[in-house]
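Taking it in order: structure first as structure tokens, then the write-up.
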Amino acid sequence: MSNIRVRFAPSPTGALHIGGVRTALYNYLFAKKHGGTFVLRIEDTDQGRYVPGAEDYILESLAWCGIMPDEGQGIGGKFAPYRQSERKDIYQKYALELVANGNAYYAFDTPEELDAKRQAEAAAGNHNFKYDTVSRKVMKTSLSLPADEVQRRLGAGEDYVIRLKMPENETITFTDLIRGEVSFHTSELDDKVLMKSDGMPTYHLANIVDDHLMEITHVIRGEEWLPSTGHHVLLYRAFGWAATMPDFSHLPLILKPDGKGKLSKRDGAKFGMPVFPLGWDAETEEDSFRGFREFGFLPQAVINFLAFLGWNPGTEQEIFSLAELCEAFSIEKISKSGARFDYDKAKWYNQQYLHTADDAELATLVRPLSEAKGYHVSDKYLAQVCHLMKGRATFLPDLVEQASYLFGDVQTFDNEVVAKRWKPESRPVFEALADHLKAQPAFVAAPLEEAVKAFMTDRGLKPGEVMPILRLSLAGTMQGPGVYEMMELLGNERTIDRLAKAFDYFDAHLA
RNA sequence: GCCCCGUUCGUCUAGGGGUCUAGGACGGCGCCCUUUCACGGCGUUAACACGGGUUCAAAUCCCGUACGGGGUACCA
């Protein structure tokens, strides 16, 4: 295959859903795998649903994920413009062409009239009224009205839509790269609106015209489009573009964690997890949310997680860099059934990426968080904190939030453990240990460990009698990095100082 | 309702007629490591929706049923 061109064509009606990100990812991977081009097109043909900021959000999201398009809105390219609202005239021309060659027609019914008609039909027992070969003969269309009447209405500037004229009694078959052969009978298909009364095309018209004009070779999109693909195939035929029609691949949907329907915007709040890549600040708090980024996910982890939600290379490798995904990806390996959003798996992936992340890079990512907490430390120190904490973190903020004692004095002690480990006679022993540590020439983990062990041997002390007190003195809690590593990070002076302060506190809180 | 798509451990999945007493990962449970919490290692738990065919042989092919999902707008 050569000159592969795919597109991601989101609608700027709000934040880009994580399912959309996965669609973009699969398009990106397919393009990269075959040395093709990944195009971003903005489908803003519904003026009523346009949300300011959505387009920027889409670009930012793709950038954060590291899957930037090669061409398209916000990037440029030879098929510009890539925003459909700016291509209005093009669709107009093609819609008229279809009317002229008998594949489409004018319809003058207002939305209200259509509603009334649907209700009347429903009342009469027909619950699936649609605009089709039968009804188009009784509705107000250029097929049912006299030619001069049609001209009069058009001339008078009456509102109209242009509809696709569905052929009678035909079976439309096409091959979906994921599902194989799929077919529809035209008697089941309706006369879809192609051009709305406001002069804007519907998705159906615009996506065919643009995919053709932009020389798209493969359409990889969500399963929700499968039922209308029959219409799309017909449109390619009507335009005489059947020979260059792109291959279709319909992706399985991402389902809610409970499996009841497809994952939606509200599920984020409902299940306490992100369902968008980035956060979104809306007018109301209810409409605002945090994304994977704000939760503290690494984009590489999100990408890896998403890639495996509906796709699998067939090997037992689970961790894949973006480059490895590009190499391993193939449409044939995409599964057919919907995948539940498995948040535990997402967290596991993040943990894996955190563990192997570079300390300095983590420090950079975590800097805003530590500053916000009032922790002003050097880059080197912050990187060292990350080094000690990353093995036990799930989210980026854990690196800072669970390490308060590495940034400042111990704020609270675990009194329960204190009561259990600190005895009235402990003080002289630990003061001797503190003196011993203070005298160490090198305040480095390994030698410190030797020093403490030697001290314990001398005094006939067991680790259980010493280590918990040391840990408690330095961190206040029984959780955290290795004691000797903490000592090294804190340094001689601070370590000794903490021990002294802690011993005072312990004495004061003797049970 | 009608149309389309789907159905392997709780979840994500491997599997594309015999090598399946069905493999991996997440989660759960247990043990080891560590006298911290984790990580890690080891082990364990648990599945071919059902019924008919086809075949010497079916998780794998066909049909039906059930269940699930999607679509059914002058939204994408």
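Computed from a prediction, not measured in an experiment: that's the story for all the values here. The sequence lines fix the lettering, A, B, ..., with proteins before strands; numbering per chain opens at 1.
- For B:rC2, the paired base is B:rG71 (Watson-Crick or G-U wobble, both distances below 3.5 Å).
- Across all strands, A:Q352 comes closer than 4.0 Å only to sugar-phosphate atoms, never to a base (heavy-atom distances).
- Between B:rC48 and B:rG15, the two C1' atoms lie 10 Å apart (nearest whole Å).
- Atom pair A:H185:NE2 and B:rC4:P shows a separation of 11 Å (rounding to whole Å applied).
- Across all strands shown, nothing is found opposite B:rU21 as a Watson-Crick or G-U wobble partner with both distances under 3.5 Å.
- Nucleic acid contact for A:G261: sugar-phosphate only, since backbone atoms but no base atoms lie under 4.0 Å from a heavy atom of the residue.
- Aromatic rings from A:F395 and A:F297 are positioned such that their centres are separated by under 6.0 Å.
- Using a cut-off of 4.0 Å between Lys/Arg side-chain N and Asp/Glu carboxylate O, A:R237 and A:E170 are scored as salt-bridged.
- Base pairing of B:rC33 is not made with any nucleotide, judged by Watson-Crick or G-U wobble geometry with both donor-acceptor distances under 3.5 Å.
- Between A:H127 and A:I178, the one whose closest nucleotide on RNA chain B sits nearer the 5' end is A:H127.
- B:rU8 and B:rC50 have their P atoms separated by 11 Å, given to the nearest Å.
- For B:rU44, the paired nucleotide is B:rG28, the pair qualifying as Watson-Crick or G-U wobble because both relevant distances are below 3.5 Å.
- Heavy atoms of other residues, nucleotides or ligands lying less than 6.0 angstrom from NE2 of A:H387 number 12 at most.
- Rounded to a whole angstrom, the distance from the C1' atom of B:rA47 to that of B:rA38 is 32 Å.
- Across the C1' atoms, B:rG64 and B:rG71 are found 24 Å apart, a figure rounded to whole Å.
- Taking the six-membered ring where the residue is Trp, the centroids of A:F320 and A:F308 are separated by under 6.0 Å.
- Backbone-only engagement by A:H355 is indicated by non-hydrogen atom pairs under 4.0 Å involving sugar-phosphate atoms exclusively.
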Are there any protein N/O atoms within less than 3.5 Å of an N/O atom in nucleotides 27-35 of chain B, and if so, which ones and at what distance?
from   : atom 1 : to     : atom 2 : distance (Å)
B:rU35 : N3     : A:G464 : N      : 3.4
B:rU35 : O4     : A:G464 : N      : 3.0

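- To the nearest whole angstrom, the two P atoms, one in B:rA22 and one in B:rU45, are 11 Å apart.
- Here A:E332 contributes atom CD and A:S249 contributes atom OG; the two are 8.0 Å apart, rounded to the nearest 0.5 Å.
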Protein and nucleotides 72-76 of chain B: nitrogen or oxygen contacts under 3.5 angstrom:
from   : atom 1 : to     : atom 2 : distance (Å)
B:rC74 : OP2    : A:R163 : NH2    : 3.2
B:rC74 : O2     : A:S197 : N      : 2.8
B:rC74 : O2     : A:S197 : OG     : 2.8
B:rC74 : N3     : A:S197 : OG     : 3.2
B:rC74 : N4     : A:D109 : O      : 2.6
B:rC74 : N4     : A:P111 : N      : 3.4
B:rC75 : OP2    : A:K196 : NZ     : 3.3
B:rC75 : O2'    : A:D46  : OD2    : 2.9
B:rC75 : O2'    : A:R49  : NE     : 3.2
B:rC75 : O2'    : A:R49  : NH2    : 3.1
B:rC75 : O2     : A:R49  : NH2    : 3.2
B:rA76 : OP1    : A:T45  : OG1    : 2.9
B:rA76 : OP1    : A:K196 : NZ     : 2.7
B:rA76 : OP2    : A:Y203 : N      : 3.3
B:rA76 : O3'    : A:E43  : OE1    : 3.3

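- Evaluation of atom-type donor-acceptor distances gives no pair under 3.5 Å for the side chain of A:R179 against the base of B:rC5.
- A gap of 37 Å separates the P atoms of B:rC62 and B:rC74, to the nearest Å.
- Pair assignment for B:rC9 gives none, since no Watson-Crick or G-U wobble pairing has each distance under 3.5 Å.
- Heavy atoms of A:T229 sit nowhere under 4.0 angstrom from any nucleic acid atom.
- Note: CG (A:L263) to P (B:rG70) measures 11 Å, nearest angstrom.
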Please report the C-alpha distance between A:D211 and A:H232 in whole Å, then the side-chain angles of each, then the deciding distance to 0.1 Å, and finally whether the side chain to side chain donor-acceptor pair (under 3.5 Å) criterion is met. CA-CA 11 Å; A:D211 284 347; A:H232 303 337; over 6 Å; no
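- Here the P atom of nucleotide B:rA38 and the CD atom of A:Q402 are 11 Å apart, to the nearest Å.
- Taking 4.0 Å as the cut-off between side-chain N and carboxylate O, A:K390 and A:D359 count as a salt-bridged pair.
- One atom, NZ of A:K347, and another, C1' of B:rA38, lie 15 Å apart when rounded to the nearest Å.
- Taking atom C1' in both B:rA58 and B:rA49, the straight-line distance is 16 Å, to the nearest Å.
- The side-chain hydrogen bond (donor to acceptor under 3.5 Å, both in side chains) search around A:S330 returns none, not counting sequence neighbours.
- Between A:E416 and A:K420, none of the side-chain N atoms (NZ, or NE/NH1/NH2) sits under 4.0 Å from a carboxylate O, so this pair counts as no salt bridge.
- Here B:rG64 sits opposite B:rC50 as a Watson-Crick or G-U wobble pair (both hydrogen-bonding atom distances under 3.5 Å).
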Listing time: all N or O pairs from protein to nucleotides 12-14 of chain B that are below 3.5 Å?
from   : atom 1 : to     : atom 2 : distance (Å)
B:rC12 : OP1    : A:R340 : N      : 3.0
B:rC12 : O2'    : A:F308 : O      : 3.0
B:rU13 : OP1    : A:G310 : N      : 3.1
B:rU13 : OP1    : A:S335 : OG     : 3.2
B:rU13 : O2'    : A:N312 : ND2    : 2.7

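- Comparing A:K260 and A:E188 along RNA chain B, the residue whose closest nucleotide (by nearest heavy atom) sits nearer the 5' end is A:E188.
- The residues A:R340 and A:D258 are annotated as not salt-bridged, no charged nitrogen and carboxylate oxygen being separated by less than 4.0 angstrom.
- Which of B:rG24, B:rG70, B:rC5 sits closest to the side chain of A:K262 comes down to B:rG70.
- The separation of B:rU7 from B:rU60, taken at their C1' atoms, amounts to 14 Å, rounded to a whole angstrom.
- Results of the salt bridge (Lys or Arg N to Asp or Glu O under 4.0 Å) test with A:D191 over A:R163, A:K130, A:R136 single out A:R136 as the only residue that passes.
- For A:K256, no side-chain nitrogen or oxygen approaches OP1 or OP2 of B:rG70 to under 4.0 Å.
- The residue A:E316 sits close only to the backbone: its heavy atoms come under 4.0 Å of sugar-phosphate atoms, none of a base.
- Across all strands, A:Y349 comes closer than 4.0 Å to no nucleic acid atom at all (heavy-atom distances).
- Applying the side-chain hydrogen bond (donor to acceptor under 3.5 Å, both in side chains) criterion to A:K262, with sequence neighbours excluded, gives no partner residue.
- The distance from atom CG of A:N350 to atom P of B:rA38 is 18 Å, rounded to the nearest whole Å.
- Every residue meeting the side-chain contact (heavy atoms from CB on, under 4.5 Å) condition with A:A475, not counting sequence neighbours, appears here in chain and number order: A:Y405, A:T477, A:M486.
- Salt bridge A:D342/A:K345: absent, no basic N to carboxylate O contact under 4.0 Å.
- Nucleotide B:rA38 has no partner under the Watson-Crick or G-U criteria, as no pair reaches both atom distances under 3.5 Å.
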